[in-house]
Amino acid sequence: EFQQVQESAAKKTVETSTGGEMVKIVMNGKQQMISLTIDPEILKMNDAVMLQDLVLGAVNQAVKASQDMMAEEMGKLTGSLGSLASMFNK
């Protein structure tokens, strides 16, 4: 069951964005980036430092969101195991 929950959660995705959605990241539960979308308008600004900051921020947010999602999924499993264990400790 543990492996099934891990595999299922790994297939789920999270999406984050920065700069008013000028940079968007989609990441799966394995912390693999599935897509990176950059609004063409930001490229017209010719501000490499700002773009780097926005991409870095979006990636960091996506990693955190993916980790949180995986922790929540694993928590569901360990929570049900805790309930099961308490039945045997009576």
Side-chain angles (χ1 to χ4, degrees):
E1 189 176 354
F2 179 76
Q3 187 174 2
Q4 289 175 334
V5 170
Q6 269 189 319
E7 289 172 5
S8 173
K11 293 176 185 174
K12 293 182 179 182
T13 61
V14 295
E15 182 175 328
T16 61
S17 65
T18 56
E21 298 196 354
M22 295 187 91
V23 175
K24 296 179 189 175
I25 302 282
V26 176
M27 188 169 285
N28 67 16
K30 292 181 178 180
Q31 284 81 51
Q32 295 170 324
M33 194 181 326
I34 304 301
S35 71
L36 164 65
T37 305
I38 299 173
D39 186 324
E41 289 300 312
I42 198 170
L43 300 175
K44 293 177 185 176
M45 295 178 193
N46 288 327
D47 189 344
V49 172
M50 180 176 68
L51 179 57
Q52 290 167 354
D53 288 345
L54 291 174
V55 170
L56 184 61
V59 169
N60 286 336
Q61 287 178 18
V63 169
K64 173 80 169 96
S66 176
Q67 290 170 340
D68 290 348
M69 177 190 65
M70 287 298 286
E72 183 178 325
E73 293 298 317
M74 291 297 114
K76 290 176 187 175
L77 178 62
T78 58
S80 66
L81 290 177
S83 300
L84 210 78
S86 67
M87 289 173 34
F88 292 106
N89 292 330
K90 290 183 178 181

Using the rule that Ile, Leu, Val, Met, Phe, Trp and Tyr join whenever any side-chain heavy atoms are under 4.5 Å apart, tell me whether [X] and [Y] fall into a single cluster.
{"X": "Val23", "Y": "Leu56", "result": "no"}
{"X": "Val63", "Y": "Val26", "result": "no"}
{"X": "Met45", "Y": "Leu36", "result": "yes"}
{"X": "Val55", "Y": "Leu43", "result": "yes"}
{"X": "Ile34", "Y": "Val14", "result": "no"}

Does some side-chain heavy atom of [Y] sit less than 4.5 Å from a side-chain heavy atom of [X]?
{"X": "Thr16", "Y": "Thr18", "result": "no"}
{"X": "Ile25", "Y": "Gln61", "result": "no"}
{"X": "Met50", "Y": "Met22", "result": "no"}

TODO: Would you give the length of the straight line joining atom OG1 of Thr13 to atom CD of Gln32, rounded to the nearest 0.5 angstrom?
DONE: 12.5 Å
Nearest non-hydrogen partners of [X] and [Y], listed with the distance:
{"X": "Lys24", "Y": "Ser17", "answer": "CG-CB, 3.9 Å"}
{"X": "Gln31", "Y": "Gln67", "answer": "NE2-N, 3.6 Å"}
{"X": "Lys30", "Y": "Ser66", "answer": "N-OG, 4.4 Å"}
{"X": "Lys12", "Y": "Met69", "answer": "CB-SD, 3.5 Å"}

